[in-house]
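Each residue takes its place number in the sequence, starting with 1.
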Amino acid sequence: MRENILETWSGAALSTGRITGCSAGGGFRVQIDGGRKLRARLSAGCFLEPGRGDLVLLVLAGEEDYFIIQVLERAAGTEAEATLRLPEASRLTAGRSGGRLTLEAAEVNLRGGIFRQAFKKITLAAELMEAKAGMLREVFNRRHEDVGEVKDSRIGRLRCLVGGLFSLRGETVDLKAEKRMKIDGKKIDVG
C-alpha cells in the first residue's frame with residue numbers, strides 16, 4: 001500500500017501526485033509516481049482547490065485515507081482559475097490574469113473603518129436592496145433612473161436647487177399643499 005510513498009513523518013506517509021480529475025463525493029483522482037492511481041480528499045487546511053494536471057502533496061492518514069494537503073504547482077500552460085475553498089461551502093475564485101474575482105457565499109459581511117471602491121462599471125442585481133446611513137452624499141456628472149412601476153419617496157423636507165432647466169411632465173400631475181403654495185417668477189405661463 002505504501003510502495004510509492006516518498007517519506008514517512010510522525011506516522012503519516014507523504015507523497016506527490018498529479019490531479020487527473022474529480023471523483024464522486026467531492027474528491028479527486030490522483031496519479032502518483034509509478035503510475036498508481038488513487039482517490040484523495042482535500043484536507044481542511046488546503047484552501048486552494050486543485051485543478052487537472054496540478055502537482056499536489058498528499059498524506060496517507062490511514063489505510064486508504066489520502067488527503068491533499070497542498071497544491072505545489074499549477075498545471076503548465078493552463079489558464080485555470082484559482083479557487084479558494086472557505087468554510088461552510090464558501091468559495092473565492094480569481095482568474096490567473098487578474099481579470100475576474102468571484103465570491104460565493106450564503107451571506108457576505110464586510111466590516112472596516114473606511115471602504116473605498118474604484119470600478120469602470122458596477123452592476124447590481126437583487127430582489128430586495130436596502131441601504132441605511134446617517135448621511136448619504138452622492139456626486140454624479142449624469143444620473144438616469146428608470147423605474148418600471150412605482151417610485152415612492154417619504155421625505156421630511158425636500159429642497160431642490162436646479163441651475164438650468166427644471167422640467168416636470170406627466171399624463172396627470174397632482175400638486176397639493178395642505179397649508180400654503182407659493183409660485184413666484186418673472187414670467188408665469190399657464191396653459
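When all heavy atoms of V147 and V150 are compared, the pair lying nearest together is CG1-O, 3.5 Å. Taking both residues in full, the closest heavy atoms of R169 and S167 are given as NE-OG, 3.7 Å, listed atom of the first, atom of the second, then distance.
Separating the CG atom in L48 from the CD atom in Q70 is a distance of 8.0 Å, to the nearest 0.5 Å. Between atom CZ of residue R74 and atom CD1 of residue I19 there is a gap of 10.0 Å, rounded to the nearest 0.5 Å. Interatomic distance, CD1 of I68 versus CZ of F28, reported as 5.5 Å (0.5 Å rounding). From I32, atom CD1 reaches atom OH of Y66 across 5.5 Å, with rounding to the nearest 0.5 Å. To the nearest 0.5 Å, atoms SG (C22) and CZ (R39) are separated by 11.5 Å. Distance CD/E104 to OG1/T102: 6.5 Å, rounded to 0.5 Å.
Note on I114 and L110: separate hydrophobic clusters, where clusters join Ile, Leu, Val, Met, Phe, Trp and Tyr whose side-chain heavy atoms are under 4.5 Å apart, directly or indirectly. Criterion: ILVMFWY side-chain heavy atoms under 4.5 Å apart, direct or through other members. Under it, V173 and M181 are part of a common hydrophobic cluster. Both V108 and F47 are assigned to one and the same hydrophobic cluster, defined by single-linkage of ILVMFWY side chains at heavy-atom distances under 4.5 Å. Residues L124 and L128 do not share a hydrophobic cluster, clusters being chains of Ile/Leu/Val/Met/Phe/Trp/Tyr side chains in contact below 4.5 Å.
Judged purely by atom type and a 3.5 angstrom limit, T20 uses its side chain to pair as donor or acceptor with the backbone of R29. Side chain of D54 to main chain of A75: a donor-acceptor pair is present (N/O by atom type, distance under 3.5 Å, no hydrogens or angles).
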Could you give me the CA-CA distance, side-chain angles and deciding distance for K121 and F119, then say whether side-chain contact (heavy atoms from CB on, under 4.5 Å) is met?
CA-CA 5 Å; K121 181 179 178 181; F119 299 100; over 6 Å; no
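Residues R143 and E145 are paired through a salt bridge, judged by an N-O separation under 4.0 Å between the basic side chain and the carboxylate.
Looking only at side-chain heavy atoms (C-beta outward), V56 and I69 stay at 4.5 Å or farther from each other. Side-chain contact check for V59 versus L57: every heavy-atom pair is 4.5 Å or farther apart. Looking only at side-chain heavy atoms (C-beta outward), E138 and F140 come within less than 4.5 Å of each other. Residues L72 and T16 form a side-chain contact, since some pair of their non-hydrogen atoms from C-beta on lies under 4.5 Å apart. Considering only heavy atoms from C-beta on, D65 comes within 4.5 Å of R41 through its side chain. Side-chain contact between F67 and L58 is absent, with no heavy-atom pair separated by less than 4.5 Å.
Atom CG of N141 has 12 or fewer neighbouring heavy atoms from other residues, nucleotides or ligands inside a 6.0 Å radius. For I188, the CD1 atom is densely surrounded, since the number of other residues' heavy atoms within 6.0 Å is greater than 12.
Listed by first then second residue, pairs satisfying salt bridge (Lys or Arg N to Asp or Glu O under 4.0 Å) with a partner in residues 157-167 number zero, not counting sequence neighbours.
Under the salt bridge (charged side-chain N to carboxylate O under 4.0 Å, His left out) criterion, E73 pairs with R18, not counting sequence neighbours.
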